[in-house]
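These notes concern the structure reproduced below.
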Amino acid sequence: MTYITVFVTGGIICALSQLLMDKTKLLPGRIMVILVCLGCLLGALGIYEPFLEFAKAGASVPLIGFGNSLFKGVKEAVLAEGFIGLFKGGFSKCSVGISGALIIGFVASLIFDSKMKK
């Protein structure tokens with residue numbers, strides 16, 4: 001049953017994101033930023049943790065999960081180190097995801113020949 005819950009929850013998040021792409025004139029990059037900010041906001045309001053307990057990886061893997069992880073890292077670092085935690089908390093909590101995205105993006109740029117849309 002857990003697998004079904006994870007799959008359905010992740011699918012709903014993806015479907016809502018796809019609706020944003022199809023029904024608005026927002027560019028994909030802006031939708032990504034909206035999702036990350038939404039994850040931060042839901043984490044700050046205390047809504048994301050119960051949702052994460054219910055949906056598990058279905059909620060932690062998408063971009064809103066990344067936003068929540070950034071929020072948690074900054075919150076922990078600010079409580080531990082004060083003002084400087086604003087700048088290092090998100091990176092310490094999400095360093096593996098950020099590094100993976102950078103490395104995979106770099107490798108993809110070497111393999112594929114990207115061009116701007118006209």
Side-chain angles (χ1 to χ4, degrees):
M1 191 63 188
T2 301
Y3 290 122
I4 293 170
T5 304
V6 168
F7 180 77
V8 169
T9 306
I12 290 171
I13 293 169
C14 291
L16 292 173
S17 301
Q18 189 65 45
L19 282 173
L20 273 176
M21 292 174 85
D22 292 344
K23 300 297 181 187
T24 67
K25 293 185 180 199
L26 291 171
L27 298 172
R30 291 186 181 181
I31 293 172
M32 291 171 58
V33 170
I34 288 169
L35 292 171
V36 171
C37 291
L38 181 63
C40 289
L41 180 65
L42 292 175
L45 295 174
I47 297 170
Y48 204 82
E49 285 302 317
F51 178 56
L52 190 59
E53 299 251 342
F54 167 74
K56 301 186 182 14
S60 65
V61 172
L63 286 170
I64 59 173
F66 179 70
N68 183 54
S69 294
L70 282 172
F71 168 75
K72 286 195 301 190
V74 169
K75 180 180 174 186
E76 291 170 8
V78 166
L79 292 175
E81 301 178 40
F83 181 73
I84 195 71
L86 284 173
F87 302 102
K88 59 191 266 189
F91 289 115
S92 62
K93 188 75 169 179
C94 300
S95 60
V96 173
I98 293 169
S99 298
L102 289 172
I103 292 168
I104 291 169
F106 177 72
V107 170
S109 73
L110 294 175
I111 296 171
F112 301 103
D113 185 30
S114 62
K115 294 181 177 72
M116 295 293 290
K117 287 185 178 181
K118 293 184 180 188

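Keep in mind the model is a prediction, meaning the values are calculated, not measured.
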What distance separates Phe71 CZ from Glu76 CD, expressed to the nearest 0.5 Å? 9.5 Å
Mark yes or no for whether Ser92, through its side chain, and Gly89, through its backbone, hold a donor-acceptor pair below 3.5 Å. yes
To the nearest 0.5 Å, what is the distance between CD (Glu49) and NZ (Lys72)? 4.5 Å
Using the rule that two of Ile, Leu, Val, Met, Phe, Trp, Tyr join whenever any of their side-chain heavy atoms come within less than 4.5 Å, decide whether Tyr3 and Phe7 are in one cluster. no
Which Ile, Leu, Val, Met, Phe, Trp or Tyr residues join Ile47 in one cluster when any pair of side-chain heavy atoms under 4.5 Å counts as a link? Ile13, Leu20, Met21, Leu26, Ile31, Met32, Ile34, Leu35, Val36, Leu38, Leu41, Leu42, Leu45, Tyr48, Phe51, Leu52, Leu63, Ile64, Phe66, Leu70, Phe91, Ile98, Leu102
Taking all atoms of both residues into account, what is the closest heavy-atom pair of Ala55 and Thr9, and its distance? CB-CG2, 3.3 Å
Phe54 side chain near Thr5 side chain, heavy-atom distance below 4.5 Å: yes
Verify the cluster assignment for Leu86 and Ile84: are they in a single hydrophobic cluster under the rule of side-chain heavy atoms below 4.5 Å apart? yes
Identify the two heavy atoms, one from Cys40 and one from Gly67, that lie closest to each other, and give their separation to 0.1 Å. SG-O, 3.0 Å
Any link between Phe83 and Val74 through a network of hydrophobic side chains (Ile, Leu, Val, Met, Phe, Trp, Tyr) touching at under 4.5 Å? yes
